[in-house]
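This report concerns only the one structure given below.
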Amino acid sequence: MNESRPAPSDFGRFAGAKILITGGLGFIGSNLARRLVDLGAVVTLVDSLVPEYGGSRFNVQGLEERVRVNISDVRDPYSLRSHVAGQDFLFNLAGQTSHLDSMEDPFTDLEINCRAQLSILETCRQFNPAVRIVFASTRQIYGRPERLPVDERHPLRPVDVNGINKLAGEFYHRLYHDVYELPACVLRLTNTYGPRMRIKDARQTFVGAWIRLLLEGKPFDVWGGQQLRDFTYVDDCVDALLLAAVRPEASGQVFNLGGSEVTSLIDLARLLVELNGSGQFLQREFPADRKRIDIGDYYADDALVRKTLGWRPNVSLRDGLKRTLDFFRANLDQYR
Ligand SMILES: NC(=O)c1ccc[n+]([C@@H]2O[C@H](COP(=O)([O-])OP(=O)(O)OC[C@H]3O[C@@H](n4cnc5c(N)ncnc54)[C@H](O)[C@@H]3O)[C@@H](O)[C@H]2O)c1
């Protein structure tokens, strides 16, 4: 698959537009910020920089003069007011992303992924009801798939606290669209990977931890291995976020995002070792605490976003992993 990424003409609307990204120092938020700055947008990032999460100032290295960074917490409704007022677009990406953490500390997940989302929407309703909102939801809300591929009509049955709170966050966005006509769109992301992902541990995704161990010359563990998954390269995810923000037909909609191909975890591990030129992994049984909240096989049917917004992934898994390895090889010390 060759990358060709001509910016759609309506991306010109981002030039001079005022943009707020919550979770903007995180993996997806910082990659989005980079693209928006290139498109001429005036970008503000809000992030709490809680050390256990994926945010880092290094993620916006080189952009320091071109984005405004506010270290604040979306759980604080008072600081939200000044951030939200006057913005044209809000990319709402702040979140607690660890499934296991959500089971060990369910109330923090509730505060960030549920209560704070309602608070953000209330702030928009009161102080900026015209702001166009894109919310990063997750495939986790489906739980263990009953059928594959999973389309948007699949039953919602999360297997962990994180999935339940993200589902509530998503439904608040839909409710505020339906009742108050806030122009909000929801993207249900699958495993997203690429430069600036969290590799320190497996809190964001196991793939991050695999990549770090591989680059450190250490073996990594593959639990199970036959599970099927799809992966979205972060630049493709950013394309979808921008399309969801700018296209009027996205308003009030919920879209799955998938990836360029479906792969088993064992094949993913083999591909990573091949692309790295060396490395080892060990296949192991699932630890009991992980097994309880594992979703098994998952891959998305993302025909709706392709048809409605013209989105498609441009980066193959092989190219995306290669770029990711190259990035972290050059910047490993910043991410461990
Ligand atoms: N990466 C994926 O594979 C994936 C998959 C599905 C959904 N998502 C969703 O996409 C969004 C972005 O995820 P990411 O992968 O970039 O994760 P990330 O951890 O890198 O980014 C999230 C950012 O939110 C910030 N944050 C957390 N709580 C906050 C708070 N209370 N106030 C302000 N900032 C806060 C963190 O500091 C971090 O920088 C999340 O909402 C996540 O649930 C991601």
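Atoms within a ligand are numbered from 1 in the order they appear, just like the ligands themselves.
- Atom 39 (O) of ligand 1 has Asp47 OD2, 2.6 Å as its closest protein atom, hydrogens excluded (heavy atom only).
- Considering backbone and side-chain N/O of Arg139, none are found under 3.5 Å from N/O of ligand 1.
- Contact between Ser72 and ligand 1 is present, with at least one heavy atom of the residue lying under 4.0 Å from the ligand.
- The single protein non-hydrogen atom nearest to atom 11 (C) of ligand 1 is Leu93 O, 3.2 Å, given as residue, atom name and distance.
- Using a cutoff of 4.0 Å between basic side-chain nitrogens and carboxylate oxygens, Arg270 and Asp267 are scored as salt-bridged.
- Counting heavy atoms under 4.0 Å from ligand 1, residue Thr22 does not touch it at all.
- The side chain to side chain donor-acceptor pair (under 3.5 Å) check on Asn31 picks up Arg196, with sequence neighbours excluded.
- Nearest protein heavy-atom neighbour of atom 15 (O) of ligand 1: Gln204 NE2, 3.1 Å.
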TODO: Would you please test Leu93 and Ile21 for side chain to side chain contact (heavy atoms under 4.5 Å, CB included) and show each step?
DONE: CA-CA 7 Å; Leu93 309 184; Ile21 307 176; 4.0 Å; yes
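- For the pair Thr97 and ligand 1, the shortest N or O to N or O distance does not fall below 3.5 Å.
- Considering both main-chain and side-chain atoms, Ile112 never comes within under 3.5 Å of ligand 1 through any nitrogen or oxygen pair.
- Between Phe14 and Phe11, the two ring planes are perpendicular [angle over 60°; tilted spans 30° to 60°].
- Scanning the protein heavy atoms around atom 16 (O) of ligand 1, the nearest turns out to be Ile28 N, 2.9 Å.
- Rounded to the nearest 0.5 angstrom, Leu121 CG and Leu80 CG are separated by 10.0 Å.
- Among the atoms of Phe27, some N or O lies under 3.5 angstrom from an N or O of ligand 1.
- When Gly24, Ser98, Ala136, Gly26 are ranked by how near their heavy atoms come to atom 21 (O) of ligand 1, first place goes to Gly26.
- Each of the following atoms of ligand 1 lies closer than 4.0 Å to a heavy atom of Gly23: 23 (C), 24 (O), 25 (C).
- Within the structure, ligand 1 has Thr190 among the residues with a heavy atom less than 4.0 angstrom away.
- Asp73 OD1, 2.7 Å is the protein heavy atom nearest to atom 31 (N) of ligand 1.
- Using a 4.0 Å heavy-atom cutoff, Arg198 is absent from the residues neighbouring ligand 1.
- Taking 4.0 Å as the cut-off between side-chain N and carboxylate O, Arg174 and Asp178 do not count as a salt-bridged pair.
- Protein heavy atom nearest atom 41 (O) of ligand 1, with residue, atom name and distance: Lys166 NZ, 2.8 Å.
- Contact annotation: for Thr205 versus ligand 1, there are no heavy atoms closer than 4.0 Å.
- The shortest N or O to N or O distance between Ser137 and ligand 1 is not under 3.5 Å.
- Under the 3.5 Å distance criterion, with hydrogens and angles disregarded, no donor-acceptor pair is assigned to the side chains of Asn59 and Arg57.
- There is no side-chain donor-acceptor pair under 3.5 Å between Gln87 and Asn128.
- Ion pairing of Arg188 with Glu170 is present here, as a side-chain N (NZ or NE/NH1/NH2) and a carboxylate O approach within less than 4.0 Å.
- Checked against a 3.5 angstrom limit, the closest N/O atoms of Gly29 and ligand 1 fall outside it.
- Contacts between Ser56 and ligand 1, counted as non-hydrogen atom pairs separated by less than 4.0 Å, are absent for every part of the residue.
- Those atoms of ligand 1 that come under 4.0 Å of a heavy atom in Leu25, given as number and element, are 39 (O).
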TODO: Kindly determine whether Asp236 and Arg323 satisfy salt bridge (Lys or Arg N to Asp or Glu O under 4.0 Å), including the steps that lead there.
DONE: CA-CA 13 Å; Asp236 289 327; Arg323 289 184 211 181; over 6 Å; no
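- Near Asn191, meaning under 4.0 Å from any of its heavy atoms, are these atoms of ligand 1: 3 (O).
- Among the atoms of Ser48, some N or O lies under 3.5 angstrom from an N or O of ligand 1.
- Using bins of under 30°, 30° to 60° and over 60° for the plane-to-plane angle, the ring pair Tyr142/His154 lands in the perpendicular bin.
- Rounded to the nearest 0.5 Å, atoms CG (Asn92) and OG (Ser137) are 11.0 Å apart.
- At under 3.5 Å, not a single nitrogen or oxygen of Leu189, backbone or side chain, sits near a nitrogen or oxygen of ligand 1.
- No more than 12 heavy atoms of other residues, nucleotides or ligands sit less than 6.0 Å from atom CZ of Arg115.
- The single protein non-hydrogen atom nearest to atom 3 (O) of ligand 1 is Thr192 N, 2.9 Å, given as residue, atom name and distance.
- Checked against a 3.5 angstrom limit, the closest N/O atoms of Gly55 and ligand 1 fall inside it.
- Under the ring pair (Phe, Tyr, Trp, His ring centres under 6.0 Å) criterion, Tyr176 pairs with Tyr180, sequence neighbours left out.
- Counting the atoms of ligand 1 from 1 in the order shown, those under 4.0 Å from a heavy atom of Tyr53 are 27 (C), 28 (N), 36 (C), 37 (O).
- Here the CD1 atom belonging to Ile211 is positioned 6.5 Å from the CZ atom belonging to Phe328, to the nearest 0.5 angstrom.
- For atom 19 (O) of ligand 1, the closest non-hydrogen atom on the protein side is Gly54 N, 3.0 Å.
- Taking the six-membered ring where the residue is Trp, the centroids of Tyr335 and Phe58 are separated by under 6.0 Å.
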